[in-house]
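Accompanying notes for the structure given below.
We name chains A, B, ... by the order of the sequence lines, and we start the count at 1 in each one.
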Amino acid sequence: MLQIYNTLSGSKEPFEPLDPGEVKMYVCGPTVYDAAHVGHALSYIVFDVVRRYLEYRGYRVRHVQNFTDVDDKIINRAHQLGVPWDELSRRYAAEFLKDMEALNVKQADSYPRASETIPAIIEDISRLIECGHAYEVEGDVYFRVLSDPDYGKLSGRRLEEMNAGARVELDERKEHPMDFALWKAAKPGEPAWDSPWGQGRPGWHIECTSMSTRELGPQLDIHGGGNDLIFPHHENEIAQSEAVTGKQPFARYWMHNGWLTLNQQKMARSEGNVLSVPAIVEKYGADAFRWFVLSSHYTRPLSYSDKAMISAVKSVDRLVQAAAPRTPEEEAGDSVASRTALPEHAVIQLDSLRGEFEAAMDDDFNTSRALAVLVKLSKEVNRLRATGESDTEALALLRELAGVLGFTLAPQDGGRRSSGDGSDAAADVDAYIELLVAIRDELRAAKQWKLSDRVRDGLRELGVALEDTAEGTKWRVDR
RNA sequence: GGCGACGUGGCCAAGUGGUAAGGCAGGGGUCUGCAAAACCCCUAUCAGCGGUUCGAUUCCGCUCGUCGCCUCCA
């Protein structure tokens, strides 16, 4: 049975969704004021794998991810660049979706935006005021943290402690220093909407409450996000949501991923140590980055390095080689007849590998162990192939399980190896390579080793690797 | 100051109260005209010091070190 580490309880718990067979999953999306970086990518890959595994386990997953598109940073950035805030946010949201596609992250079922949820937000805030959980001051509305006896339960903080150590500058108008804004009165030049409290815009936390409850109902199964969102964002979300809906818990399982660090520091826009998603996909490929991310447990911090990426590239190459080296003829020719030739011990072996994979993933998504299973599986494929036994079933299993982790196993991975656009130019190059390979084969037949080796070495330097196999010479673009 | 995470072989990284998965790198082999690829084999006592225990890397305490959150952040 699947166990998930729940931040709320601080322990692993058996996973049981509210409605059997269906999982309501909400993942906090980015604030779209700038390009996403691989730190974001890590988070969304993690939750992509969570989703894929739940689907593999037979759940119907409803996956919602928001865009925060009304926010101080967006407004400031838009002012700097001299563009309308909504144009800026739309641009980066579109870019984000492209990045996710490049990373083979499945699309969410819905991508609500704060700016399109204003009526629901106003409705929720009004309700909070009615219930005594919020109050208005000069056009601002604040959540009254003292009205929530459980406040702090997610992050394990107590109001008194935070009060004591708070470095936030005191706002005399607030009843309690930790009270947080639900609605902010508009300043000149800022985006604003009409509300019962005058012109203004929503605070950061309330949008997630309004969006998630409208999209998925009052209670979620899984709520995910980066580890830094635990406080204050998720803490505040819980307070608001449970106050609005009157239902507990707001989310049954809180999942938080660890940071991606670079040079011992968290990768963050504010630190300036970010790497863009397209740059990584271009340089190493989406599968390699995914391997890197999945090589450690999602709750742990992970440190980025070129060395680690190169290691990941090589590891993924093993899978790709095992999973996709067959010619179309081999693919088509391997029929049901040959499948029955699979020896019994191999069938048992495959079953146990699937079992190992599931056991690993059931244990709070232990992808590191799951990857080890994929390695074993590709060895098995190669072994069966080498002994002339049918590899069909092993290959199918390898592809299936790799797919559960979101690997494409595409030989022409992410533009790293191909000339990129699949243009005629690339096809022409293929023809030249084919020609050289054919000529080299003739040289080899004539035992002209020196010359044939020269062709091979020359191609090698141009990034084309040759392999002489029983079925003839194979070539692939490599780096 | 408060809360929390982490410290496992050259690098990355799982894991367990009874002497430690996997990947990369390295070494040896099989195969090959030679290679490549593939396959097989080999390489650690788990930061330090105490304690609990028949036995701890795994539990507890302390020390050292690294990092995160407490303000916007995946």
query = Ring stacking, A:Trp449 with base of B:G33, under 5.5 Å and under 30°?
reply = yes

query = Heavy atoms under 4.0 Å, any strand shown: does A:Gly225 hit a base, just sugar-phosphate, or nothing?
reply = sugar-phosphate

ask   = For atom C1', what is the distance between B:A14 and B:G29, given to the nearest Å?
value = 29 Å

inquiry  = Using a heavy-atom cut-off of 4.0 Å across all strands, would you classify A:Asn366 as base, sugar-phosphate, or nothing?
reply    = sugar-phosphate

inquiry  = Applying a 4.0 Å non-hydrogen cut-off, can you work out what A:Gly29 is touching in the nucleic acid: base, sugar-phosphate, or nothing?
reply    = sugar-phosphate

request  = Might you work through the side-chain contact (heavy atoms from CB on, under 4.5 Å) test for A:Leu384 and A:Glu393, ending with a clear yes or no?
outcome  = CA-CA 10 Å; A:Leu384 290 168; A:Glu393 301 233 318; over 6 Å; no

ask   = Contact class for A:Lys266 (heavy atom, under 4.0 Å): base, sugar-phosphate, or nothing?
value = base

Could you write out each protein N or O paired with an N or O of nucleotides 3-6 of chain B at a distance under 3.5 Å?
residue: B:C6; atom: O3'; partner: A:Arg300; partner atom: NH1; Å: 3.3

task = Please measure how far the C1' atom in B:A13 lies from the corresponding atom in B:C46, and state the result in whole Å.
result = 13 Å

Hey, can you pull the donor-acceptor pairs under 3.5 Å for the side chains in residues 24-33 of chain A, sequence neighbours left out?
residue: A:Lys24; atom: NZ; partner: A:Asp19; partner atom: OD2; Å: 2.8
residue: A:Tyr26; atom: OH; partner: A:Asn66; partner atom: OD1; Å: 3.4

request  = With heavy atoms under 4.0 Å as the rule, sort A:Arg77 into base, sugar-phosphate or nothing.
outcome  = nothing

request  = Quickly work out the A:Glu207 CD to B:C72 C1' distance and round it to whole Å.
outcome  = 13 Å

ask   = Rounded to whole angstroms, how far apart are OH on A:Tyr304 and C1' on B:A74?
value = 17 Å

request  = Not counting sequence neighbours, which residues clear salt bridge (charged side-chain N to carboxylate O under 4.0 Å, His left out) with A:Asp148? List them please.
outcome  = none

task = Output yes when at least one side-chain N/O atom of A:Asn257 is less than 4.0 Å from OP1 or OP2 of B:A74, else no.
result = no

request  = Report yes if a side-chain nitrogen or oxygen of A:Lys474 is closer than 4.0 Å to either non-bridging phosphate oxygen (OP1 or OP2) of B:A38; otherwise report no.
outcome  = no

key: Salt bridge flag under 4.0 Å for residues A:Arg290 and A:Asp287   = no

query = Under 3.5 Å, is there a donor-acceptor pair between the side chain of A:Asn273 and the main chain of A:Ala268?
reply = yes

request  = Using only side-chain N and O atoms of A:Arg318, determine if any of them is under 4.0 Å from OP1 or OP2 of B:G22.
outcome  = no

request  = Whole angstrom is fine here: how far is it from CG in A:Leu466 over to P in B:G33?
outcome  = 16 Å

